[in-house]
Participant: 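Dropping a structure here in structure tokens format, bear with me for questions.
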Amino acid sequence: MAYEHKDIEKKWQEEWRKRGTYRVNNDPSRPGYYVLDMFPYPSGAGLHVGHPLGYIASDIVARYKRHCGFNVLHPMGYDSFGLPAEQYAIQTGQHPAKTTAENAARYRQQLDAIGFSFDWDREVRTSDPTFYKWTQWIFLQLFDSWYDPKTDKARPISELVACFQEKGSIGQDTSTLTGDIEEFVGGFTAEEWRSFDERTRQLVLQHFRLAYISDAWVNWCPAMGTVLANDEVKDGVSERGGHPVERKRMKQWSLRITSYAQRLLDGLDTLDWSESIKEAQRNWIGRSEGATVRFPIGNDFVEVFTTRPDTLFGVCFITLAPEHVLVGKFTTPERKAEVEAYVEIAKNRSERDRMADVAHVSGVFTGSFAKHPFTGADVPVWVGDYVLAGYGTGAVMAVPGGDQRDWRFAKHFGLPIIAVTEGADIEKEADERKDATICSDGFLKGLKVPQAIKRAIEELERIGAGQGRINFRLRDAAFGRQRYWGEPIPIYYKDDIPYALPESELPLELPAVDKFLPTAEGEPPLARAANWNYQGHPLETTTMPGWAGSSWYFLRYMDPGNNDRFASPEAINYWKQVDLYVGGSEHATGHLLYFRFWTKFLFDRGWIPFDEPAKKLVNQGMIQGISMMARVAVDRSNGVERYLVLPKEKHDTPGAFDRNYLIDQVNFKEGRYFINEEGAARTRAKEAIFREFHLGAPEVELTPVVEKMSKSKFNVVNPDDIIAKYGADTLRLYEMFLGPLEQSKPWDTNGIEGTFRFLRKFWNLFHDPNDAFHVREAEPTKPELKILHATLKKVSEDIGKLSFNTSVAQFMIAVNELGTLKCDKRAILEPLTIALAPFAPHIAEELWQRLGHAESITAAIWPTWDEQYLVEDSFSYPISFNGKTRLQLEFPIALSKEEVEAQVLANPEVQLRLEGKAPKKVIVVPKRIVNIVV
RNA sequence: ACGGACGUGGCGGAAUUGGUAGACGCGCUGGACUUAGGAUCCAGUGCCGCAAGGCGUGGGGGUUCGAGUCCCCCCGUCCGUACCA
């Protein structure tokens with residue numbers, strides 16, 4: 001009777017470790033399969049019950065594929081550089097390496113307790129110098145590369161130099177330049193290039209390198225003392241910590257991901273990733289087709305980007321972003337004071353302020369007029385903060401008749417509005433329809449929008465006033481962080497020019513510093529290091545961002561011990577892409593984009609033979625916590641508001657006082673104190689109650705609220721507790737049973753009993769009432785075989801669809817039915833044990849051994865199902881009248897439609913219901929339904 | 001505002017892709033066994049109704065012999081993105 005999960009799980013976890021059961025070799029004689037989990041950042045809080053969800057799913061797939069004969073790579077490691085460890089280091093002086101190691105050890109313990117089939121010999125840690133040596137190496141490859149738009153791939157910078165030697169450059173040359181070029185690159189002849197000194201050449205090359213340093217607008221987060229990439233900023237505040245972020249221009253390392261914009265977009269179509277992730281990436285890349293248009297101003301010009309060149313005859317003014325470099329130039333002396341004042345205010349408004357009030361229109365006239373390229377009319381040039389400096393050219397041609405933002409601006413400042421499309425009511429709003437007909441005067445009149453766009457671009461190009469252009473929203477990625485706990489950037493400076501550290505100097509290890517804080521001069525922490533230089537030349541002091549290591553770690557798992565290369569060609573050719581990648585959807589536009597970018601780059605430079613890292617991606621849903629929110633009625637007569645929440649074990653200890661549970665911040669609502677928000681009164685259901693010791697018995701009401709599981713919300717469920725009580729196999733099954741993998745769902749510990757009971761019942765099939773192992777060799781009966789094969793079929797198919805909740809349900813059905821049949825036959829129980837092994841490996845391994853096997857069940861061949869056991873010879877037809885089921889009639893499967901119809905109509909009960917009338921129609925769907933229409 | 005996902009019992013969720021809605025589990029009700037049960041087993045459990053029967057997959061319409069599933073309109077929830085020219 002006793003299913004002793006504790007003993008069994010401990011025994012097998014030790015045994016697996018001893019035997020090296022999950023060790024994987026790069027074995028070319030067997031097909032490889034690569035199942036990867038997004039590796040965790042080892043935080044101090046440890047794992048909660050939501051974290052392993054994806055790991056359990058991928059572990060099931062990995063184990064299943066192993067049974068199916070694949071050589072499965074299923075590794076785990078740690079994304080171990082990161083801010084929390086550094087923040088902790090700043091507070092305590094403890095080196096982040098130490099806390100990181102401690103946290104990783106704790107993670108390992110927790111992961112081991114769940115019984116994963118990870119090959120820990122392949123563990124990687126991004127903060128380990130043997131790992132980041134290669135992160136640095138890849139950075140140097142990026143530094144050593146430029147993107148050739150003609151061949152559409154990255155090439156060695158030496159080839160560009162050769163090209164300059166020979167042909168020079170015409171400047172802003174689209175045959176050599178790609179991406180997010182913020183600076184003007186002048187042209188030069190081959191002779192001039194050859195005459196350039198080293199410094200000039202290097203400065204020019206910075207505009208082409210895929211890893212480059214430039215003065216760039218960055219997201220500066222003063223509270224964190226570092227810059228952030230665009231995907232690390234949400235709603236104008238840092239994603240981590242929620243600190244305000246401002247735009248700032250500073251010297252900054254960036255990666256030219258924008259060169260890859262089109263390929264990153266196109267590649268999505270080849271991937272088996274969720275539509276939502278692909279869509280998020282498409283939006284983030286933000287491709288738009290249109291044209292650049294030059295508006296002359298005196299001897300100068302302003303260039304705008306528009307997706308609607310068809311509306312050119314509706315241009316009423318031009319608006320520049322406040323940060324636009326030409327604002328100063330185009331401002332007339334008499335408007336100078338006003339414009340400068342406006343620009344000053346607009347620039348200093350934080351991103352957040354700007355976003356918070358998009359409804360408010362503001363702007364100022366520069367006093368200048370541009371010439372319309374088609375009509376020659378004067379077009380006033382304005383400055384307005386609704387125009388973003390970072391998109392397009394930072395300037396727009398305003399068409400208030402066709403663009404609602406321009407319309408609002410025009411209305412606000414009383415500027416003219418020209419109707420551009422037939423049927424537009426420009427008094428009310430702009431007409432943004434893309435199927436309209438152009439009505440503004442000029443050669444586009446009468447054309448439909450798409451034709452007009454084509455025609456307008458042709459004309460612009462003909463007269464040299466502009467050209468068709470594809471624009472991307474994607475910006476180059478800020479790569480330097482003014483922080484300590486990250487990979488040092490392997491660059492030194494000679495004459496202020498960055499040079500690559502020789503490969504032989506890698507890894508450039510993190511130096512010791514006295515404090516993990518910026519220097520008094522505001523230099524990053526690395527500037528504190530003694531002798532932070534290379535042959536007397538200063539080394540770079542910023543470090544790489546969190547996503548550097550994770551952009552390529554999947555390759556390192558293939559060959560983690562390699563000292564000569566990031567991974568050997570043999571290993572890479574064997575494992576190739578990740579077959580199944582499981583992780584959270586929050587990485588949609590960060591990690592997953594950089595991951596693809598680096599893969600494409602390594603492909604271009606010939607280091608790997610594929611240009612997408614993961615064929616299939618699945619996002620596991622979040623497991624939410626249930627928070628018990630308290631409403632506490634309280635008398636404030638003594639002027640003190642203090643509430644105490646006590647854990648259950650202290651219920652009977654009057655006066656017990658636990659500071660951790662003291663709540664002293666409450667919000668007034670509906671005449672009661674509804675305690676929520678941060679620092680809220682929350683407690684887990686059934687484990688604690690609220691008590692108020694100062695005021696006698698208060699009125700207490702607990703309302704369950706489903707929300708994110710987090711320490712700060714007092715709703716965390718620790719897997720260790722679950723395992724202690726029910727075992728890892730029950731935890732694994734229950735996490736899968738909760739619902740579809742991709743879906744978010746609340747955790748309810750109460751429900752776990754069901755899966756625990758299931759395992760006990762499964763165990764009991766193999767044991768007699770005295771818990772003696774008892775399995776017979778007898779021939780199985782037909783019903784027993786049917787249950788087995790139905791289960792094998794369902795489970796095999798469901799694993800393929802990653803539908804684990806329904807697999808678990810099928811196992812439960814099987815065990816219930818076999819229990820009813822008192823089945824104790826090897827021919828049934830043995831295959832069933834293999835099928836259960838991916839889900840509940842410990843109990844399966846134990847029963848496998850008891851069945852007499854010396855070798856681990858992980859080596860067992862997956863049992864295939866045989867349809868012959870599933871065929872029925874009769875079917876109980878639901879007989880419905882006008883679609884409503886009224887009775888059931890059983891007929892042999894072999895019966896033809898006509899025979900079924902005849903027999904149904906002959907049935908007395910059917911006759912009774914027909915009341916002698918002839919049915920209008922009878923539909924017979926074999927093995928499905930009979931519907932009688934009356 | 002736009003994009004994506006979704007809406008089924010008291011709860012988590014099934015439904016062979018147009019064919020018996022509510023599998024499986026939790027919870028609940030009743031019973032058995034028991035010194036006891038937060039153990040186990042049996043029965044029941046969508047709603048209304050004594051019943052016959054009726055109503056039921058967010059709401060409304062449609063297609064169909066038949067709709068949770070397909071089409072149109074609306075409502076609601078969650079997640080992205082957010083003045084992207």
Side-chain angles (χ1 to χ4, degrees), chain A residues 1 234-236 274-284 286-288 290 304-308 311 319 321 354-355 357-359 361 384-388 390-399 402-406 408-409 432 471-474 585-586 588-589 619 621-622 624 626 686 704 706 733-734 737-740 742-755 757-758 760-761 764 794 797 803 805-813 816 819 876-888 919-934:
Chain A
M1 288 304 282
K234 289 234 151 67
D235 302 327
S274 73
E275 208 41 53
S276 60
I277 293 281
K278 291 207 251 186
E279 206 48 39
Q281 292 211 345
R282 285 191 193 106
N283 293 338
W284 191 261
R287 182 184 197 270
S288 48
V304 302
F305 173 73
T306 178
T307 56
R308 295 291 302 277
T311 62
T319 315
R354 270 205 199 182
M355 283 190 310
D357 102 309
V358 290
V361 175
D385 72 356
Y386 78 97
V387 178
L388 303 174
Y391 185 76
T393 61
V396 302
M397 56 176 226
V399 183
D403 184 292
Q404 192 57 27
R405 294 157 301 183
D406 297 338
R408 274 191 9 225
F409 196 82
E432 300 189 335
N471 196 55
F472 294 95
R473 198 189 78 119
L474 183 70
S585 56
E586 66 272 23
T589 50
N619 301 118
M622 239 193 322
Q624 295 147 318
I626 298 178
K686 296 193 177 180
V706 172
L733 279 170
Y734 187 55
F737 187 61
L738 233 35
E742 285 100 328
Q743 212 165 290
S744 288
K745 55 247 160 182
W747 176 271
D748 176 14
T749 301
N750 294 319
I752 204 169
E753 293 283 350
T755 48
R757 265 198 283 270
F758 157 73
R760 270 204 318 246
K761 285 193 237 171
N764 288 342
K794 178 90 177 123
E797 288 175 352
S803 174
N805 54 328
T806 50
S807 312
V808 177
Q810 180 62 37
F811 279 122
M812 289 174 168
I813 293 168
N816 288 343
S876 177
Y877 281 91
I879 313 299
S880 57
F881 290 76
N882 293 336
K884 290 188 203 305
T885 307
R886 286 292 179 250
L887 61 143
Q888 303 266 328
K920 278 190 196 141
K921 199 171 175 185
V922 178
I923 289 120
V924 178
V925 184
K927 282 179 73 181
R928 284 282 142 79
I929 198 168
V930 176
N931 191 17
I932 300 169
V933 187
V934 291

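Because the structure is predicted, anything quoted here is derived from the model rather than measured. Reminder, nothing fancy here: chain letters follow the sequence lines and each chain counts from 1.
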Participant: Work out which heavy atom in A:Phe472 is nearest to a heavy atom in A:Tyr391; give both atom names and the distance.
Facilitator: O-CE1, 4.0 Å
Participant: Using a strict cut-off of less than 4.0 Å between a Lys/Arg side-chain nitrogen and an Asp/Glu carboxylate oxygen, indicate whether A:Glu275 and A:Arg282 qualify as a salt bridge.
Facilitator: yes
Participant: If you check every side-chain atom of A:Arg760, which of B:C41, B:U40, B:A82 has the closest atom?
Facilitator: B:U40
Participant: Measure the shortest side-chain to side-chain distance between A:Tyr734 and A:Trp747 over non-hydrogen atoms and say whether it is less than 4.5 angstrom.
Facilitator: yes
Participant: Across all strands, who's sitting opposite B:C50 as a Watson-Crick or G-U wobble pair, both distances under 3.5 Å?
Facilitator: none
Participant: Among A:Val933, A:Asn931, A:Ile932, A:Val930, exactly one meets side-chain contact (heavy atoms from CB on, under 4.5 Å) together with A:Phe881. Which residue is that?
Facilitator: A:Ile932
Participant: Any side-chain N or O of A:Arg282 below 4.0 angstrom from OP1/OP2 of B:U81?
Facilitator: no
Participant: Counting C-beta onward and ignoring hydrogens, is there a side-chain heavy-atom pair between A:Glu432 and A:Asp403 closer than 4.5 Å?
Facilitator: yes
Participant: Sticking with atom C1', work out how far B:U29 lies from B:G9, rounded to a whole angstrom.
Facilitator: 16 Å
Participant: Shorter than 3.5 Å, N or O on both sides, protein versus nucleotides 43-51 of chain B: list them out with atom names.
Facilitator:
none

Participant: Between B:A67 and B:G62, how far apart are the two P atoms, rounded to whole Å?
Facilitator: 12 Å
Participant: Looking at B:A85, B:C84, B:C83, which one has an atom nearest to any side-chain atom of A:Arg473?
Facilitator: B:C84
Participant: Taking the C1' atom in each of B:C33 and B:A39, what is the distance between them to the nearest angstrom?
Facilitator: 11 Å
Participant: Answer yes or no: does a side-chain N or O of A:Ser274 lie under 4.0 Å from OP1 or OP2 of B:A5?
Facilitator: no
Participant: Any idea if B:G9 is syn or anti, going by the 90°-from-0 cut?
Facilitator: syn
Participant: Could you encode protein contacts along nucleotides 9-24 of chain B as a string, one character per nucleotide from 5' to 3', using B for base contact, S for sugar-phosphate-only contact and - for no contact, with a heavy-atom cut-off of under 4.0 Å?
Facilitator: ---BSS-B--BB--BB
Participant: Can you measure A:Asn283 atom CG to B:A5 atom P for me and round it to whole angstrom units?
Facilitator: 12 Å
Participant: Please measure how far the C1' atom in B:G19 lies from the corresponding atom in B:C84, and state the result in whole Å.
Facilitator: 49 Å
Participant: Tell me which nucleotide, if any, is Watson-Crick or G-U wobble paired with B:U20 when both distances must be under 3.5 Å.
Facilitator: none
Participant: Please report the distance, rounded to the nearest Å, between CD in A:Gln404 and P in B:C2.
Facilitator: 13 Å
Participant: How long is the line joining CG of A:Leu388 and C1' of B:A85, in whole Å?
Facilitator: 9 Å
Participant: Can you name the closest pair of heavy atoms from A:Tyr877 and A:Val925 and give their distance?
Facilitator: CE2-O, 3.6 Å
Participant: Output the rounded distance in Å from CH2 (A:Trp747) to P (B:C26).
Facilitator: 15 Å
Participant: Rounding to an integer number of Å, can you tell me how far A:Tyr391 OH sits from B:U81 P?
Facilitator: 17 Å
Participant: On a whole-Å scale, what distance lies between the P atoms belonging to B:A21 and B:G13?
Facilitator: 23 Å
Participant: Grab the CG-C1' distance between A:Leu474 and B:U81 for me, whole Å please.
Facilitator: 14 Å
Participant: Please report, rounded to the nearest Å, how far the P atom of B:G25 is from the CZ atom of A:Phe758.
Facilitator: 10 Å
Participant: Between B:G3 and B:C71, how many Å separate the two C1' atoms, rounded to a whole number?
Facilitator: 22 Å
Participant: Taking the side chain as every heavy atom from C-beta outward, state whether A:Glu586 and A:Asn619 have any atom pair closer than 4.5 Å.
Facilitator: no
Participant: Using the P atoms only, state how far B:G10 lies from B:A32, rounded to an integer number of Å.
Facilitator: 30 Å
Participant: Both distances below 3.5 Å, Watson-Crick or wobble geometry, any strand: find the nucleotide opposite B:A36.
Facilitator: none
Participant: B:U16 and B:G22: how far apart are their C1' atoms, nearest whole angstrom?
Facilitator: 16 Å
